[in-house]
Amino acid sequence: MDADYGTANRVDLRNEPFDPNYFNSLDWNSIAEGTTFILPAGKTYVLNSGESIIEFAHSVNFVTPQTLEEYPTFSFDNAFRVVEDGMIDKITFKRINLKAAKPLSEMTNNSLSGKQVICPESKVFLINTVDFTNCYIENFRAIVRSKQAGGSVEAILFKECTINAIGNQGIVSTDGKKGNYVNDVSFDGCTITNICAIADLRNTDSGKNISITNTTFCYAPMENAFLFRVAANIPIKIENCVFGGSMKIDNNIPKFNELGSGGQDDYTGSYRFSPVNSFQTSDHSSTKGSLGLSDSKMSTTGLFTDPANNNFKLNELFEGCSSVGAPEWRR
């Protein structure tokens with residue numbers, strides 16, 4: 001931990017009296033640059049509730065040390081924001097469960113909770129890096145969203161994360177053509193399920209790169225939703241990945257871990273993907289666009305051990321069983 005975050009500006013909450021509203025009570029303007037909060041296992045912090053909306057003014061790290069216990073949970077009533085004209089070098093989440101406060105059982109449409117993890121309201125801001133490592137992220141309309149013409153995010157990294165139930169704004173998104181840009185997005189070693197979209201970066205100012213490697217997808221996208229809605233100038237790398245079937249909806253209500261009839265790989269229908277060593281199940285169908293994946297020659301239920309119960313271990317008879325998808329599911 002010292003090598004990654006240094007020893008200065010460290011706040012160790014493991015031996016402090018637990019307060020679920022601790023973060024809402026802080027003066028975030030006075031937090032030192034690069035402060036690292038060390039979190040206790042198994043606790044739930046309520047974030048951005050009522051009129052207490054956290055606006056970042058400096059880089060910050062939220063980190064749980066290696067543990068065999070359950071990771072702490074951040075329960076979001078609203079998203080983190082950034083102060084006006086904020087210049088943030090890095091925001092880190094490591095070994096944390098990030099969930100919307102509203103439970104999945106109460107979802108009534110494909111916007112799900114309607115919330116985000118980070119969604120600045122300021123007209124001008126810059127975030128250089130948002131880093132999610134070994135997190136479980138569930139029930140957001142988007143995870144990171146840039147809404148304003150003068151708001152920009154340079155890089156968003158997802159490493160060894162499980163992402164479940166993301167709604168109709170997509171995992172990362174700009175606000176149509178108004179958001180300035182989200183430049184680099186990467187997923188590596190992730191498991192991603194029950195999502196509407198991976199990326200909605202349709203504005204042409206976005207995009208040096210979208211990189212998706214060693215990742216397992218299932219129940220993605222939702223029926224009639226799109227995986228990608230991106231400008232043609234944004235390069236998309238897909239390597240060592242596997243995609244199962246789509247997710248069912250019933251009168252716009254998501255049916256989690258139930259197979260649907262298909263979605264759209266690409267909203268435009270014209271993006272030219274060039275995947276490397278990546279496969280789709282025989283029931284992964286697209287009504288618009290194509291990821292250009294190889295055929296696994298197996299259905300979702302044949303390729304994965306028990307997808308309905310989140311077991312995506314690959315069938316040992318599948319030719320890519322030792323080389324594609326998240327490493328935890330390989331043979």
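Atoms considered below: every heavy atom in the structure, side chains included; atoms not considered: hydrogens, waters and symmetry mates.
In this structure, the ring of Phe273 has its center less than 6.0 angstrom from the ring center of Tyr271. For Phe80 and Phe56, the gap between ring centers is short of 6.0 Å.
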- Item | Working for salt bridge (charged side-chain N to carboxylate O under 4.0 Å, His left out), residues Asp12 and Arg10 | CA-CA 6 Å; Asp12 193 338; Arg10 181 179 292 183; over 6 Å; no
- Message: Using the rule given for salt bridge (charged side-chain N to carboxylate O under 4.0 Å, His left out), can you reason through Asp295 versus Lys297, listing the C-alpha separation, both sets of side-chain angles and the distance that settles it, and then say yes or no?
- Response: CA-CA 5 Å; Asp295 185 0; Lys297 300 181 176 62; 5.4 Å; no
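A 6.0 Å sphere centred on NZ of Lys288 holds more than 12 heavy atoms belonging to other residues, nucleotides or ligands. More than 12 heavy atoms of other residues, nucleotides or ligands lie within 6.0 Å of CZ in Phe256, so this atom counts as buried by the packing criterion. Within 6.0 Å of the NZ atom in Lys313, the count of heavy atoms belonging to other residues, nucleotides or ligands exceeds 12.
Across all non-hydrogen atoms, the minimal contact from Met247 to Asn194 is SD-OD1, 3.2 Å. When all heavy atoms are compared, the tightest approach of Ser122 to Val82 is OG-O, 3.0 Å. When all heavy atoms of Ile253 and Thr108 are compared, the pair lying nearest together is CG1-O, 3.5 Å.
Remark: side-chain polar atoms of Asn48 are paired, donor with acceptor, to backbone N or O of Ile54 under 3.5 angstrom. No donor-acceptor pair under 3.5 Å is formed between the side chain of Ser246 and the backbone N or O of Met222. At distances below 3.5 Å, not a single donor-acceptor pair connects side-chain atoms of Lys94 with backbone N or O atoms of Thr64.
Defined by atom type and a distance below 3.5 Å, a donor-acceptor pair is missing between the side-chain atoms of Asp265 and Ser290. When only modelled atom types and interatomic distance are considered, Glu239 and Thr213 share no side-chain donor-acceptor pair under 3.5 Å. A side-chain donor from one of Glu223 and Ser261 sits under 3.5 Å from a side-chain acceptor of the other. A side-chain N or O of Glu138 and one of Asn164 form a donor-acceptor pair less than 3.5 Å apart. Using a 3.5 Å distance cut-off with no hydrogens or angles, the side chains of Glu154 and Asn183 do pair a donor with an acceptor. Side-chain atoms of Arg331 and Asn315 form no donor-acceptor pair, as typed in the model, at a separation below 3.5 Å. Side-chain contact annotation: Asp283 with Thr281, donor-acceptor N/O pair under 3.5 Å present. Under 3.5 Å, the side chains of Asp131 and Thr133 contain a donor-acceptor pair of N or O atoms.
Listed by first then second residue, pairs satisfying ring-ring contact (aromatic ring centres under 6.0 Å, His included) with a partner in residues 139-160 read Phe76-Phe140, Phe132-Phe158, Phe158-Phe187, not counting sequence neighbours.
With contacts defined as side-chain heavy-atom distances shorter than 4.5 Å, the pair Asn9/Thr36 does not qualify. Using a 4.5 Å cut-off on side-chain heavy atoms (C-beta onward), Glu55 and Glu121 make no contact. Contact of the Lys147 side chain with the Cys119 side chain is registered, since non-hydrogen atoms from C-beta on lie closer than 4.5 Å.
Residues passing the side-chain hydrogen bond (donor to acceptor under 3.5 Å, both in side chains) test with Ser111 are Asn109, sequence neighbours excluded. Scored by the ring-ring contact (aromatic ring centres under 6.0 Å, His included) test, Phe23 finds Phe37, Tyr45, Phe62, Phe74 as partners (sequence neighbours excluded).
For the pairing with Ile143, the side chain to side chain contact (heavy atoms under 4.5 Å, CB included) check across Leu98, Ile118, Ile195, Ile163 returns one residue only, Ile163. For the ring-ring contact (aromatic ring centres under 6.0 Å, His included) with Trp329, the lone residue among Phe217, Phe312, Phe304 that qualifies is Phe312.
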